[in-house]
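Values below: all heavy atoms of this structure, side chains included; hydrogens, waters and symmetry mates excluded. Please read these numbers as outputs of a predicted model, since none were measured by experiment. First the proteins, then the strands, lettered A, B, ... as listed; each starts at 1.
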Number of protein chains: 2
Amino acid sequence: MTAKQLSPQEFRIWHAFRLMHEDVLGRVGRDITQATGLSGPEFGVLFRLAGKGEMRQQALAGMLNWDKSRLSHQLTRMQERSLIERRRIDGKTVLIVLTKVGREKLDAARPIHADSVRRNLLSRLTQQQIDTIVRVSNLLGEVEE
Amino acid sequence: MTAKQLSPQEFRIWHAFRLMHEDVLGRVGRDITQATGLSGPEFGVLFRLAGKGEMRQQALAGMLNWDKSRLSHQLTRMQERSLIERRRIDGKTVLIVLTKVGREKLDAARPIHADSVRRNLLSRLTQQQIDTIVRVSNLLGEVEE
DNA sequence: CGGCCATGGTTGACATATCAACCACCTTAA
DNA sequence: TTAAGGTGGTTGATATGTCAACCATGGCCG
């Protein structure tokens with residue numbers, strides 16, 4: 001049962017798995033953008049940042065599960081739009097700080113995001129399905145032996 | 001219970017949902033690239049194409065669930081790498097054809113893909129979890145009223 | 001026939017993602 | 001104290017995704 005290509009059945013599962021995310025992520029992202037002008041990734045960054053007010057870039061990357069390069073590029077763009085500030089602490093450490101603009105946009109986006117996530121994901125699933133999602137996510141996140 | 005932002009619990013679910021996708025897709029994509037030089041999207045296109053040998057761009061976009069622009073750009077890059085050919089049929093229709101190179105690379109990638117999907121997804125889930133994924137995917141794919 | 005107009009496709013501009021190379025600084029250990 | 005290594009960040013190149021504007025053509029209707 002280890003054929004050299006996926007069976008139609010296996011492929012259907014794979015396909016479903018991909019679609020699910022593109023659909024939902026796409027919708028939530030568009031909702032946020034339409035209402036506030038923030039992109040999905042921008043919202044993500046601001047959201048984590050708001051938890052602490054300011055963070056070392058490192059820590060931020062960890063929370064987002066992004067690699068440092070991806071984050072650095074993203075921050076550069078966000079800095080140009082005055083959503084965040086970079087503050088060099090010592091030769092190695094950079095503090096990322098939420099600006100006034102950033103916080104305002106974030107606050108505007110929060111309810112949109114909450115509503116959209118509920119509408120497009122949470123409210124459409126049973127508690128059981130949600131449990132499965134979370135369990136599966138943890139499972140798949142682990143690196144295999 | 002419709003707060004203006006997500007509760008930590010709700011947020012955890014949302015986070016898990018996103019991670020699951022990025023983890024698995026990332027791993028499968030990297031496996032394919034490493035072994036064959038094809039990117040994930042390239043493999044996706046070739047894979048569908050192989051089913052029929054050739055297709056109208058339109059139909060291809062439908063199967064992939066991509067918009068026409070995305071596909072057009074992708075095909076342009078793939079054409080430059082000789083993975084596919086565009087064949088203008090009448091003023092409006094373009095046939096996409098798998099080239100020899102394209103087919104070879106696809107064939108090389110197939111077992112890698114199958115193996116990776118099984119290793120990173122299928123074999124790590126119970127049948128029940130798989131059923132849930134598929135059911136949930138269908139659910140979320142539908143547009144709400 | 002002659003003029004809409006919907007459709008299939010392309011394009012340009014821009015945002016995002018990924019990879020590898022680089023850099024400057026800190027740490028540690030000789 | 002100095003050189004090797006590791007760490008936090010940046011950068012450039014290239015691939016990918018998204019949006020809106022555009023364009024040519026074929027179909028349809030008057």
Side-chain angles (χ1 to χ4, degrees), chain A residues 18-19 21-34 36-46 54-81 83-97, chain B residues 18-19 21-34 36-46 54-81 83-97:
Chain A
R18 302 199 50 156
L19 271 198
H21 287 82
E22 292 186 3
D23 276 351
V24 176
L25 290 229
R27 282 187 208 145
V28 173
R30 277 188 298 275
D31 282 349
I32 295 180
T33 302
Q34 205 164 32
T36 72
L38 286 177
S39 72
E42 282 170 343
F43 176 80
V45 170
L46 295 180
E54 54 180 45
M55 301 175 73
R56 295 173 49 224
Q57 198 160 318
Q58 243 269 307
L60 191 49
M63 295 189 100
L64 290 160
N65 216 39
W66 285 12
D67 87 12
K68 57 187 184 168
S69 168
R70 180 178 176 186
L71 181 56
S72 181
H73 282 303
Q74 184 67 44
L75 289 176
T76 301
R77 290 185 302 262
M78 293 180 67
Q79 196 172 19
E80 279 159 13
R81 275 163 234 159
L83 295 173
I84 56 114
E85 260 181 51
R86 275 173 162 128
R87 212 168 279 166
R88 181 140 239 137
I89 290 304
D90 74 13
K92 296 184 68 165
T93 333
V94 175
L95 257 202
I96 307 300
V97 188
Chain B
R18 302 200 49 157
L19 272 198
H21 178 241
E22 294 186 359
D23 276 349
V24 176
L25 281 258
R27 283 188 207 144
V28 173
R30 277 188 297 277
D31 282 350
I32 295 180
T33 303
Q34 206 165 32
T36 71
L38 286 178
S39 71
E42 282 170 343
F43 177 79
V45 169
L46 295 180
E54 55 180 44
M55 302 176 72
R56 294 173 50 225
Q57 198 159 319
Q58 243 269 307
L60 191 49
M63 297 191 99
L64 290 160
N65 214 39
W66 285 10
D67 88 10
K68 58 188 184 168
S69 168
R70 180 178 176 185
L71 181 57
S72 182
H73 281 304
Q74 185 66 45
L75 290 177
T76 301
R77 290 185 300 264
M78 293 179 67
Q79 195 173 19
E80 279 158 13
R81 276 165 234 157
L83 295 172
I84 56 112
E85 259 181 52
R86 275 172 161 128
R87 213 167 279 167
R88 180 141 240 133
I89 290 305
D90 74 14
K92 297 182 69 164
T93 333
V94 175
L95 258 202
I96 308 301
V97 188

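Every residue meeting the ring pair (Phe, Tyr, Trp, His ring centres under 6.0 Å) condition with B:His21, not counting sequence neighbours, appears here in chain and number order: A:His21.
Here B:Leu95 contributes atom CG and B:Gln57 contributes atom CD; the two are 10.0 Å apart, rounded to the nearest 0.5 Å.
One atom, CG of B:Leu64, and another, P of D:dT18, lie 13 Å apart when rounded to the nearest Å. Atom CD in B:Gln34 sits about 14 Å away from atom C1' in C:dA20, given to the nearest Å. In this structure, the CD1 atom of B:Ile89 is 12 Å from the P atom of D:dG26, given to the nearest Å. The CG atom of B:Leu25 sits 16 Å away from the C1' atom of D:dA15 (whole-angstrom rounding).
Two residues are said to be in side-chain contact when any heavy atoms from C-beta on lie closer than 4.5 Å; A:Thr36 and A:Phe43 fail this criterion. A 4.5 Å side-chain heavy-atom check between B:Val94 and B:Arg87 finds every atom pair outside the cut-off.
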Encode nucleotides 8-18 of chain C as B, S and - characters from 5' to 3', where the letter depends on protein heavy atoms closer than 4.0 Å: B to the base, S only to sugar-phosphate, - to neither. BBBBBB-SBSB
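A distance-only check finds a donor-acceptor pair linking the side chain of A:Thr33 to the backbone of A:Gly29 [under 3.5 Å].
Here the rule is side chain to side chain donor-acceptor pair (under 3.5 Å) with A:Gln79, and of A:Glu85, A:Gln74, A:Arg86 only A:Arg86 fits it.
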